[in-house]
Amino acid sequence: MDTEARSGVKKSRLNRHMRGIWLVLLPVMVLLMFMLGWGLGLFTEIEEEPYISETSNQIVVGVSQLGSESGWRTANTESIQRAISKENGFFLIYNNARQKQENQIKAIRNFISQRVDYIVLAPVVESGWETVLQEAKQAGIPVILMDRSVEVEDQSLYTALVGTDSVEEGRKAGRWLEEYLIKKRMSDRDINIVVLKGTEGASAQIGRTAGFSMIAGEHDNWHILEQQYGDFTIYKGKEVMKDLLKKYKDIDVVVSQNDDMTFGAIEAIRESGKTVGVNGDITIISFDAVHDALEMVAEGVINVDIECNPDQGEYVSEVIRLLESGQEVEKRYYVEEDVFTMENVTQEVLDGRTY
Ligand code: GZL
């Protein structure tokens, strides 16, 4: 066989040989590539959020609670968690913002990315919500405010508010003081007042301050010596009261915008050697009317407690049900609230208290 012929045979043998190698290598390479791709997740389905598959027939609600600063707040949280429960057909995603607005904004954005059906927001302060509420609106997620309100130009940024009328609560405190002074024949006496205010910027604090000031402004003989922020907490309430007692030796009335600050203030007053309440040196006006405070009303330690009802969960779930069935909802729902003094805090009221 000549050289050319021989080389031709070699080439075809080589070609057959190479074909044989490729026939083995190619599927191995494809298999390796597939395994590598799988390992890199190139082929797996993008997992939807795990909860979506579990909650296809549940209403998914993201709740941004502002914190856990007071007994009232704890009751409010328990109320919404009772109402927005699995048994009631909901899937709850709950976040405690620990008094920080930026944490609430983060939580809302997280709810949006998880495509919840509704957002419930208890706003720690009333300003600074336009952007994130606009994002929720663009995502088509209704926002229901709970407890406190927000200051926004575009009222369509939230669907409804379930809460309390804090301005009216403040006016109730002022009207009670008017009646009290008449009964004590002190209507024309100079009355020195200090105010322990709740969280700065919170609608509850702003409303109560405004409401009480409206009534106080009608009495030239009422002197509001000073108003300080006590953040709605026992600790800060005591600290602020100690400072005010150092500054003013003739305080007649303390207006404390929640029971937790009142507990701290009473401790400070007693430690200063003064007495409080009915027939005491200093008259105590408080807000919230939680169980432990009502016991002090019954004992005459707190003169009056303006109720602020934290049981708002049922109202929120009702608003959601109305929306789910395509019905119109009110813009504002106020929970029932009372004014408690020694005269109407009975054992039955105390026993029936849910908070
Ligand atoms: C009132 C609520 C207030 C309570 C406080 O609507 O926002 O916040 O009065 C609570 O006890 O901390």
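Atoms within each ligand, like the ligands themselves, are counted from 1 in listed order. Residue indices begin at 1 and follow the sequence shown.
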| query | With hydrophobic residues grouped by side-chain heavy-atom distances under 4.5 Å, do Val345 and Met342 end up in a single group? | reply | no
Less than 3.5 Å apart, which donor and acceptor atoms pair up between the side chains of residues 189-201 and the rest of the protein, not counting sequence neighbours?
{"residue": "Asp190", "atom": "OD1", "partner": "His223", "partner atom": "NE2", "Å": "3.0"}
{"residue": "Asn192", "atom": "ND2", "partner": "Asp250", "partner atom": "O", "Å": "3.1"}
{"residue": "Asn192", "atom": "ND2", "partner": "Asp250", "partner atom": "OD2", "Å": "3.2"}

Short N or O separations between ligand 1 and the protein, below 3.5 Å:
{"residue": "ligand 1", "atom": "6 (O)", "partner": "Asp147", "partner atom": "OD1", "Å": "2.4"}
{"residue": "ligand 1", "atom": "7 (O)", "partner": "Arg73", "partner atom": "NH2", "Å": "3.1"}
{"residue": "ligand 1", "atom": "7 (O)", "partner": "Asp147", "partner atom": "OD1", "Å": "3.2"}
{"residue": "ligand 1", "atom": "7 (O)", "partner": "Asp147", "partner atom": "OD2", "Å": "2.6"}
{"residue": "ligand 1", "atom": "7 (O)", "partner": "Arg148", "partner atom": "NE", "Å": "2.7"}
{"residue": "ligand 1", "atom": "7 (O)", "partner": "Arg148", "partner atom": "NH2", "Å": "3.4"}
{"residue": "ligand 1", "atom": "8 (O)", "partner": "Arg73", "partner atom": "NH2", "Å": "3.0"}
{"residue": "ligand 1", "atom": "8 (O)", "partner": "Arg148", "partner atom": "NH2", "Å": "2.9"}
{"residue": "ligand 1", "atom": "9 (O)", "partner": "Arg208", "partner atom": "NH1", "Å": "2.8"}
{"residue": "ligand 1", "atom": "9 (O)", "partner": "Arg208", "partner atom": "NH2", "Å": "3.3"}
{"residue": "ligand 1", "atom": "9 (O)", "partner": "Asp288", "partner atom": "OD1", "Å": "2.6"}
{"residue": "ligand 1", "atom": "9 (O)", "partner": "Asp288", "partner atom": "OD2", "Å": "3.4"}
{"residue": "ligand 1", "atom": "11 (O)", "partner": "Ser70", "partner atom": "OG", "Å": "3.1"}
{"residue": "ligand 1", "atom": "11 (O)", "partner": "Asn258", "partner atom": "ND2", "Å": "2.9"}
{"residue": "ligand 1", "atom": "11 (O)", "partner": "Asp288", "partner atom": "OD2", "Å": "2.6"}
{"residue": "ligand 1", "atom": "12 (O)", "partner": "Glu69", "partner atom": "OE2", "Å": "2.4"}
{"residue": "ligand 1", "atom": "12 (O)", "partner": "Ser70", "partner atom": "OG", "Å": "2.9"}

Throw together a table of side-chain donor-acceptor distances under 3.5 angstrom for residues 259-269, partners on residues two or more places apart or in other chains.
{"residue": "Asp259", "atom": "OD1", "partner": "Ser286", "partner atom": "OG", "Å": "2.5"}
{"residue": "Asp259", "atom": "OD2", "partner": "Ala289", "partner atom": "N", "Å": "2.8"}
{"residue": "Asp259", "atom": "OD2", "partner": "Val290", "partner atom": "N", "Å": "2.9"}
{"residue": "Asp260", "atom": "OD1", "partner": "Gly71", "partner atom": "N", "Å": "3.4"}
{"residue": "Asp260", "atom": "OD2", "partner": "Gly71", "partner atom": "N", "Å": "3.4"}
{"residue": "Thr262", "atom": "OG1", "partner": "Ser256", "partner atom": "OG", "Å": "2.8"}
{"residue": "Thr262", "atom": "OG1", "partner": "Asn258", "partner atom": "O", "Å": "3.0"}
{"residue": "Thr262", "atom": "OG1", "partner": "Ser286", "partner atom": "OG", "Å": "2.6"}
{"residue": "Glu267", "atom": "OE1", "partner": "Lys238", "partner atom": "NZ", "Å": "2.8"}

| request: Check the pair Asp311 / Thr354 against side chain to side chain donor-acceptor pair (under 3.5 Å), numbers first and verdict last. | output: CA-CA 8 Å; Asp311 280 346; Thr354 58; 2.6 Å; yes
| Who passes ring-ring contact (aromatic ring centres under 6.0 Å, His included) against His291, sequence neighbours left out? | none
| request: Starting at CD1 of Ile80, measure out to CD of Glu78 and round the result to the nearest 0.5 Å. | output: 12.5 Å
